[in-house]
Amino acid sequence: MQKKRRDKDEIMYEILSAAVEPITRTRLIYASFLSNSELRHYIAFLLEHQMLEVDPITKTKFKITDEGRKFLKLYEDIISIIRSTPQNMSNVAFQRSIMPR
């Protein structure tokens with residue numbers, strides 16, 4: 001069986017889903033199946049884009065923001081749409097129409 005490679009959006013979804021409640025970096029590593037250095041990269045990205053924040057009370061935990069919640073909702077909607085399309089449509093190739101010059 002071939003392993004499925006996760007894309008950036010799927011990894012961000014896993015991190016943000018785990019951070020609904022304040023969570024430590026160690027727990028995020030376990031939840032997202034990333035190395036510490038990989039997780040640091042994603043945390044920096046999510047903090048920069050205001051989808052994740054450092055918990056103001058503990059200062060050592062992370063939690064999701066409203067922007068992060070929007071991302072989760074949109075990602076779930078996209079996955080739902082993809083899964084609801086008929087299987088036979090997944091192999092259909094779409095061609096661009098040739099525009100006259």
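Computation of the quantities below employed the complete heavy-atom set of this structure, encompassing side-chain atoms and omitting hydrogens, waters and symmetry-equivalent molecules.
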Check: T24/T26 side-chain N/O donor and acceptor closer than 3.5 Å: no

Separation of I15 CD1 from F62 CZ (nearest 0.5 Å): 10.0 Å

Closest non-hydrogen atom pair, L34 against I11: CD1-CG2, 3.6 Å

Any side-chain donor near an acceptor of the partner, S80 and D77, under 3.5 Å: no

E76 and K73 ion-paired at < 4.0 Å: no

Residues which pass side-chain contact (heavy atoms from CB on, under 4.5 Å) with I78, listed by chain and number, not counting sequence neighbours: I82

Nearest non-hydrogen partners of L39 and S32, listed with the distance: CD1-OG, 4.1 Å

Residue pair D9 / Y13, side-chain heavy-atom distance below 4.5 Å: no

Separation of T58 OG1 from K63 NZ (nearest 0.5 Å): 9.0 Å

Side chains of L72 and S17 in contact at under 4.5 Å (non-hydrogen atoms): yes

NZ or CZ of K8 within 45° of F45 ring axis and under 6.0 Å: yes

T65 side chain to Q50 backbone, donor-acceptor under 3.5 Å: yes

Heavy-atom pair of closest approach, residues V54 and L47: N-CD2, 4.1 Å

Residue pairs passing the salt bridge (charged side-chain N to carboxylate O under 4.0 Å, His left out) test where at least one lies in residues 11-28, sequence neighbours excluded: R6-E14

Shortest non-hydrogen contact from I23 toward A18: CD1-O, 3.5 Å

